[in-house]
Q: 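First the structure, then my questions, so here it is.
Whatever order the structure lists ligands and atoms in, that order sets their numbers, starting from 1. All heavy atoms count here, side chains included; hydrogens, waters and symmetry mates do not.
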Amino acid sequence: MAIIIKSEREIGLIRESCRMLEKVHDELSKIIRPGISTLEIDKTGEELIRSFGGVPNFLHYNGYPASICVSVNEEVVHGIPKKDRILKEGDIVSLDAGMMLKGYHSDAARTYAVGKVTPEVGCLIEATKQSFFEGIRYAKEGYHLFDISNAIAGYIKPFGYGIVRDLTGHGVGTELHEDPPVPNFRQLTRGPKLRRGMTLAIEPMINLGTWKVRWLDDDWTVVSADGSYSAHYENTVLITDGEPEILTLSGGL
Ligand code: MF3
Ligand code: CO
């Protein structure tokens, strides 16, 4: 496994791509409401990406047919946007978006409540987001990759939620998915050493019920095996010798 260390020039370009992607997410957050279709979210996202000079990197990736992965309720990730999938009060929706700008990728995901959701589901969304922040306490030179994984898993454990194991985070750069895989569940070793200049997408996917997932017949949509709600939170992060730089979250939390 070769983990690419980015040069200052490359870091600058990834940072730019990530800043623009953050703006895409900020704009998309404003249109989430009961009555909107998942296809409208995708179309708006694609327009935003292009308006910032980027290219939607998910579109046609291994044949994926859209620019934004829109996953509702028990859908974990890679939901395919549809005209007739309409969000309703009480749903939760995960938007996973990526773009390529000047040859460099960015990748980030957010989960939103649509109107009012049950306290149980609200807690799932919050804990999933918080697990990312627990993980990145170790996203620094001097720690090891799986320190991040174990911090995420350790934070989630007392909630009794299922941590998805079939999908992981990953390196990001001139490719959307680079080495190393970044698991969110407990690891028995500490894994490779983290070094400044690594750029990683860290993305916990957490289910209210079982950790087990299955794929729908569309061969894309990943759903929780027991139909329980699932949340996803992701940012592209730069490893430094100090605090990590959350490249897709410049404006704070
Ligand atoms: N954002 C996803 C990830 O983090 C990748 C989506 S690829 C697509 O790995 F083809 F499904 F869009
Ligand atoms: Co990702």
Q: Surrounding NZ of K82 (heavy atoms of other residues, nucleotides or ligands, distance under 6.0 Å), is the total greater than 12?
A: yes

Q: For the residue pair K6 and T199, confirm or rule out a side-chain donor-acceptor distance under 3.5 Å.
A: yes

Q: Side-chain contact, heavy-atom cut-off 4.5 Å: M20 with S106?
A: no

Q: Quick check on contacts: which atoms of ligand 1 are under 4.0 angstrom from a heavy atom of H177?
A: 3 (C), 5 (C), 9 (O)

Q: At the 4.0 Å heavy-atom cut-off, does C69 count as touching ligand 1?
A: yes

Q: Nearest protein heavy-atom contact for atom 10 (F) of ligand 1: which residue, which atom, what distance?
A: Y64 CB, 3.1 Å

Q: Give a yes or no on whether the ring-centroid distance for H177 and Y61 is below 6.0 angstrom.
A: yes

Q: N/O/S of H177 less than 2.8 Å from the Co ion (ligand 2)?
A: no

Q: Hey, what's the angle at the Co ion (ligand 2) spanning OE2 (E203) and NE2 (H170), nearest 10 degrees?
A: 90°

Q: Is the ring pair Y64/F58 parallel, tilted or perpendicular, if the boundaries are 30 and 60 degrees?
A: perpendicular

Q: Within a distance under 4.0 Å of any heavy atom of D107, pick out the atoms of ligand 1 and give their elements.
A: 1 (N), 3 (C), 4 (O)

Q: Is it the case that the side chains of H232 and E203 hold a donor-acceptor pair, with the cut-off being a distance below 3.5 Å and no angle test?
A: yes

Q: Which heavy atom of the protein is the closest neighbour of atom 6 (C) of ligand 1, given with residue, atom name and distance?
A: H78 NE2, 3.7 Å

Q: For the residue pair T111 and S94, confirm or rule out a side-chain donor-acceptor distance under 3.5 Å.
A: yes

Q: Can you tell me which residue and heavy atom of the protein come closest to atom 2 (C) of ligand 1, and the distance to 0.1 Å?
A: D96 OD2, 3.3 Å

Q: Just checking, is any N or O donor in the side chain of T221 or D218 under 3.5 Å from an acceptor N or O on the other one?
A: yes

Q: Please confirm whether N62 comes under 4.0 Å of ligand 1, counting heavy atoms of the residue only.
A: no

Q: With the Co ion (ligand 2) at the apex, how many degrees lie between OE2 of E234 and OD2 of D107, rounded to 10 degrees?
A: 90°

Q: Does R165 make a cation-pi contact with F185 (under 6.0 Å, within 45 degrees of the axis)?
A: yes

Q: Answer yes or no for D96: is there an N/O/S atom below the 2.8 Å cut-off from the Co ion (ligand 2)?
A: no

Q: In ligand 1, which numbered atoms sit nearer than 4.0 Å to a non-hydrogen atom of E234?
A: 4 (O)

Q: Can you tell me the protein heavy atom closest to atom 7 (S) of ligand 1 and the distance?
A: Y61 CD2, 3.8 Å

Q: Just do the side chain to side chain donor-acceptor pair (under 3.5 Å) check on E134 and Q130 with the steps written out, would you?
A: CA-CA 6 Å; E134 298 296 327; Q130 187 57 32; 2.9 Å; yes

Q: Tell me which part of A109 gets within contact of ligand 1: side chain, backbone, both or neither, using heavy atoms under 4.0 Å.
A: neither

Q: Which atoms of ligand 1 are found less than 4.0 Å from any heavy atom of W220?
A: 10 (F), 11 (F)

Q: Starting from atom 4 (O) of ligand 1, what is the nearest protein heavy atom, named by residue and atom, and what distance separates them?
A: E203 OE2, 2.7 Å

